[in-house]
Every structure is written in C-alpha cells, then in structure tokens.
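I have placed the structure first, in the form of structure tokens, so that the comments after it can refer back to it.
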Amino acid sequence: MRVPASWLRESGWAEHRTIFVKFGAWETACRVRAGGGADDADELWLPKAVLGGVRLPEGLRLEARRGADRLDIGPVVGLLASFRDRDMTDAALERWLPYVGEYAKIGGLIVAFSLEGMIDDERKAIGCAYDPVSGGWVRGVYPLPAALYLRRAKIGMYAHRRLYKLFGRRFFNAYAFSKWEMYCWLRDSSVGRFLPETAPLGDERQAEALFEKYGKLFLKHTTGFRGVGIYTAERRGDGVALSTGSGEEWTTRTLPDWGETYRTLLAEVDANAYLAQQAVPLAKLNDRVMDFRVVAQKDEAGEWRAQALIARSGPAGSRVSNVSRGGAAQPALTALETYIGDRHAARRACEDFAELALAAAAETERRSGFHYGNFGMDIALDRFGSLWLLEINNVYPDPTIALDANEPELFAKIMAAPLRYARTLSGFGPSSIP
C-alpha cells in the first residue's frame, strides 16, 4: 500500500512495515511503502485486496485516521433501508436521497442495503452506494459499514443478535418497542408523572378501574400508529358512549354499562393487543384538538437534541390530531403563540416541550438497554396547561411532518441527522463542516 512519505515519518511507520487497514467493517493487513509523489501529497494507493475488489463511486471524500499500527479509512456508514432486496426499487432509492442531502457534512462512503442483502461472512452487502458526483445511487456490492442506522426498526431478536455480532453497539434504532413497553419503562422514571395512566385492555378489572376513575378512556392498539383502530369509551348519564373512527368520520354506540362495553370490544378487537388509557382533555386551537410532535435526535456528539417542534391539529370534529387523518401542521411556536396569546409564554412552553422530550429520550434508551438516535415524541398540552407524554414513535418517526408544516429546511436537517450521528459512531467524529 502506497502512502505519502510524510505519513511514514509522522506515524513512525518503517518502510514495508505491516499495519492493519480498516475500511468500514473490513479489516486486512498491508505492508506500507512511500508513494512516488511529494511529501505533502494527499493520495493513498490501496491494493485491490483492501477493497475486496469493489469499485467505489468517483468523488468520495474519504478521510484517514492513523494509529501506531493501523489505518482507518472512511467514514463508511450505512442505511438499513428495507428488509428485502425487492424493496430496493428505483422509486425507493429516490425517496431515500434526502438521507444523504448533507453529504458534504458526512463524507466517505454511504451504503444503503437490505437485511436480506447482507453477506455476513464476507462483511459485504449487495446494495447501493451514494455517488456525490452524479447525486444518485450506484448499485453494486460494497463493504458493510462501520456504523448503521435502521430506517425501519421492526426486526426480530435473531436479526438484532446478527447485527450486534457484526457492529457491536454501532447500530441504532433497531428495536421497535410497543406503547405498553414504553409505559412500563417510564412510569417510575423522572418523566413518569407526565404519562397518562394506562392498563392492558385484556385485564378487565384494571381497565374497568381506569374507566371508573376517569370516566373517559382512549382504547388503542399497543403497536398502532396514525390513529388507526382507536376507540373512545366515555360515561354519559347512566350509559357508556363507545366511539370509533378516524378524521371527521366517527360512529358512536350507547351501551348500558361498562360490562356490555367490554363485551362489545372483545367481539371487535384482540383485547390482549389493546391498551386502555386515561383520556387527556387536549387543548383546542380554533376548536380543533391539538398536540405536538417533538423530533428528538442525537447530534454528532451523541447528545439528544430537540430537532423540531411541530404542532398538529385534527380536522373539525375529530378526537385525534393525526395529519394523516386530515389534520394540519405548523411550527409549535406559531400555534402556541396563537393559543396562549403571548410570544414569551409560548417560547417558555416550547422549552418545556423540549425538556420533557429529551428527558424521555434519555430515560427510554437507558431503561430499555437498546441504542437509539431518532425518536418522534407525541406530547400534549391539556386544557389546564399540563404537559402529557402520549407516545414515543421509534419504528419510523415520519419526518415529512416538517413538510406538512411548510419547513423544507427543517425536513432536510431531520433526514440528515441519523447519518451524521452514524459518522461519529464509525470512529471519525463530528464533521469539520458545520
């Protein structure tokens, strides 16, 4: 392997000395010799064995980290974009381009691949590499990365153990936890007082006790999202109003008591897959229920940051605020200023939202034992001014909410953050480009 002559002097490498060269997950031994250029030449000639015969895209901005007996070349970071090779379509690749939109701040080789495309024993993956010259993806066989972000977290424990064997702790957002797991982890934590009281719907006595205590419950699937499959049960006079629906379309049945309500639910849903949760009286903006999405992401130093605060309001008459169910989004500060009527108070409220989100992110990671770097926190403000942590989205915290709020620059920042964090995990530290 030919290296600049100055490297030999600075690193104390003798001519023809054997060192270990690492490129992503690959590592091999090479003998070094001085290159033919000037001492300050910035060229490194790698033998084909180091790259495993792989042809890399042109124009990659690679860096080198030298040690006493090793050379790390990179960064090499990865995006586990899907589970099957067949999902790596041209249309999908186009959708994934925003992840590399800040390539200048990430650099190196960025590889997107599927779980199915991994060749573990060769430390390779069949997938695509980002080409900064063309601005697109190049299909091929590439080295497995040194650090990996899982775009969608629903993998089983066998796959999780497989990734741990290959990457150690240098992969994140791999475990998809349920709403019930989140509640159990956090109810006795520093953020426990912000959680609506929750019980498994399958435990009839606990669910009934919650109904008697609060008079209104949300009944939701423990792994559901976007407001799909939600019911409400509310005491009305001597009976119970059981409602279900989405957006503006809700149907309500009046049942004589909780026992009949519970039997009706058992006939329609798997009670063991549902939760009964204290209904929070959501604040309303222009007579529409409102809650907030806080995007919590790790920065290049590995610290949790509140990357975005977005307010969501449901359609008129809806009980949920999901944008996917006909709602709307706007910056949280704008919505809170309208709701509170005071800009300074609105700013303080935003700070409170961020503080809660970051505490919840840190507690979730610590108590779960899994490695995360990207969460979407659903936080509510009730009619009495109290904050509530409703949910933590970890499977795929949808970044397009920033576009719904007409914040394209914020969308780009959210999309790029995971791979900027992966750069640090790969051993190359924060980028010198802010």
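- Residues A176 and N394 come closest through the heavy atom pair CA-OD1, 3.0 Å.
- Considering only heavy atoms from C-beta on, L309 stays 4.5 Å or farther from P331 through its side chain.
- There is no side-chain donor-acceptor pair under 3.5 Å between Y183 and Q277.
- Classification of R366 and E363 as a salt-bridged pair holds, one side-chain N sitting under 4.0 Å from a carboxylate O.
- Salt bridge annotation for R293-E407: absent, with no cationic side-chain nitrogen under 4.0 angstrom from a carboxylate oxygen.
- Shown here is E355, whose CD atom has no more than 12 heavy atoms of other residues, nucleotides or ligands within 6.0 Å.
- Atoms CD1 and OH, on I106 and Y99 in that order, are 12.0 Å from each other to the nearest 0.5 Å.
- The 12-atom threshold is not exceeded at CD of E94, counting heavy atoms of other residues, nucleotides or ligands nearer than 6.0 Å.
- Ring geometry for F177 against F375 counts as perpendicular: the plane angle is over 60°, on a 0 to 90° scale with 30° as the lower cut.
- Looking at R236 and T254, their side chains never come closer than 4.5 Å, going by heavy atoms from C-beta outward.
- The residues R70 and E27 are annotated as salt-bridged, a charged nitrogen and a carboxylate oxygen being separated by less than 4.0 angstrom.
- Salt bridge status for R205 with E208: absent, with no side-chain N to carboxylate O gap under 4.0 Å.
- Ion pair E212/R235 flagged as a salt bridge, since at least one NZ, NE, NH1 or NH2 atom sits closer than 4.0 Å to an Asp/Glu carboxylate oxygen.
- The existence of a salt bridge linking R420 and E300 is confirmed by a sub-4.0 Å separation between a basic side-chain nitrogen and an acidic carboxylate oxygen.
- Interatomic distance, R162 CZ to F167 CZ, rounded to the nearest 0.5 Å: 9.0 Å.
- Heavy atoms only, all atoms of each residue included: Y339 and D382 are closest at OH-O, 4.3 Å.
- In this structure, R61 pairs ionically with E63, as a charged nitrogen and a carboxylate oxygen lie closer than 4.0 Å.
- More than 12 non-hydrogen atoms from other residues, nucleotides or ligands lie less than 6.0 angstrom from CG of D257.
- A salt bridge links R312 with D378: the distance from a Lys NZ or Arg NE/NH1/NH2 to an Asp or Glu carboxylate oxygen falls below 4.0 Å.
- At least one side-chain heavy atom of F171 sits less than 4.5 Å from a side-chain heavy atom of Y164.
- Few gaps surround NZ on K22; more than 12 heavy atoms of other groups in view lie less than 6.0 Å from it.
- Of all the heavy atoms in D188 and R367, the pair that sits closest is O-NH2, 3.6 Å.
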Criterion ring-ring contact (aromatic ring centres under 6.0 Å, His included) on F172 and Y421, from CA distance to verdict: CA-CA 10 Å; F172 59 101; Y421 174 51; 5.0 Å; yes
